[in-house]
**Student:** 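Below is the structure I would like to discuss, written out as structure tokens.
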Amino acid sequence: MPGNQNHAAHPRRKPLAPLPGELSGPVRDFVAALRRMHGELGYSLKDLEGRLPASRSSLSRYLRGQSLPDERLLVQWCKLSFTGEDRLPALVELLHRAQEAADAGESGVTPSPEPEGATVAEPPAGDTTAPPAGRRRLRLALAVLGTAAVLAAAALAVPALTGPDDSPDGGGTPPLQTPAGAPARP
């Protein structure tokens, strides 16, 4: 029935509660931008759960500012929106600032979780220091360097493996072997 609020074209969405007052700085800026994009998308958390690799409760925590998504999830979230990809660089920058603030303990937010399947080493029992803020950037730099090394090795290996053969018969391909008693095909 057209105009019905429960019609599939108009899914019922519970409005988001106001952001907590203790949420401030870069984390508040990121969560506010994420909420704007979420509002423009028009998807319920249940719809998002089906389109993103995150649970409904995790998505809710991100929109309430209780935790931060990882960059991979943010990219996928932005791709659901026509204008989200245009905002992606700004949102990623806000996410990085929010993660640094969370790592430094400047807000009550949980830093972004490690991707699925990753193991996190527990700190020693007496260690109460927060991880350095630049650790995430160091891991990214090491990943980029590792990728560059693998690509360079592949660039050197491919010509060596596909180059001309210096065999005594002139480098041609060997003749086809035929089973005994079968006539050779021209």
**Student:** Among all residues two or more places apart in sequence or in another chain, which pass the salt bridge (charged side-chain N to carboxylate O under 4.0 Å, His left out) test with Arg36?
**Tutor:** none

**Student:** Apply the test side-chain contact (heavy atoms from CB on, under 4.5 Å) to residues Trp77 and Leu48: give CA-CA distance (whole Å), side-chain angles for both, the deciding distance (0.1 Å), then the verdict.
**Tutor:** CA-CA 8 Å; Trp77 205 334; Leu48 277 178; 3.7 Å; yes

**Student:** Sequence neighbours left out, what passes side-chain contact (heavy atoms from CB on, under 4.5 Å) with Arg56? Give chain and number order.
**Tutor:** Leu45, Lys46, Glu49

**Student:** Could you state the interatomic distance from CG (Leu94) to CG (Leu74), rounded to the nearest 0.5 Å?
**Tutor:** 9.5 Å

**Student:** Using every non-hydrogen atom in the two residues, find where Leu23 and Gly65 come nearest and quote the distance to one decimal.
**Tutor:** CD1-O, 3.6 Å

**Student:** For Phe30 and Leu68, which heavy atoms make the closest approach, and how far apart are they?
**Tutor:** CD2-CD2, 3.7 Å

**Student:** Using side-chain heavy atoms (C-beta onward) and a distance below 4.5 Å, is Pro26 in contact with Glu100?
**Tutor:** no

**Student:** Holding to side chain to side chain donor-acceptor pair (under 3.5 Å), I want the full list of residues that pass it with Arg64, two or more places apart in sequence or in another chain.
**Tutor:** Ser60, Gln66

**Student:** Starting at CG of Asp103, measure out to CD of Gln99 and round the result to the nearest 0.5 Å.
**Tutor:** 7.0 Å

**Student:** With sequence neighbours left out, what residues match Glu93 under side chain to side chain donor-acceptor pair (under 3.5 Å)?
**Tutor:** Arg97

**Student:** Would you mind reporting whether Leu95 and Leu34 have side-chain heavy atoms less than 4.5 Å apart?
**Tutor:** no

**Student:** Apply side-chain contact (heavy atoms from CB on, under 4.5 Å) to the pair His96 and Glu71, showing each step before the final yes or no.
**Tutor:** CA-CA 9 Å; His96 286 252; Glu71 190 172 329; 2.8 Å; yes

**Student:** Identify, with sequence neighbours excluded, every residue that meets side chain to side chain donor-acceptor pair (under 3.5 Å) alongside Thr162.
**Tutor:** none

**Student:** Should Arg35 and Leu19 count as side-chain neighbours, where that means a heavy-atom distance under 4.5 Å?
**Tutor:** yes

**Student:** Salt bridge (charged side-chain N to carboxylate O under 4.0 Å, His left out) with Arg87: which residues, sequence neighbours excluded?
**Tutor:** Glu40

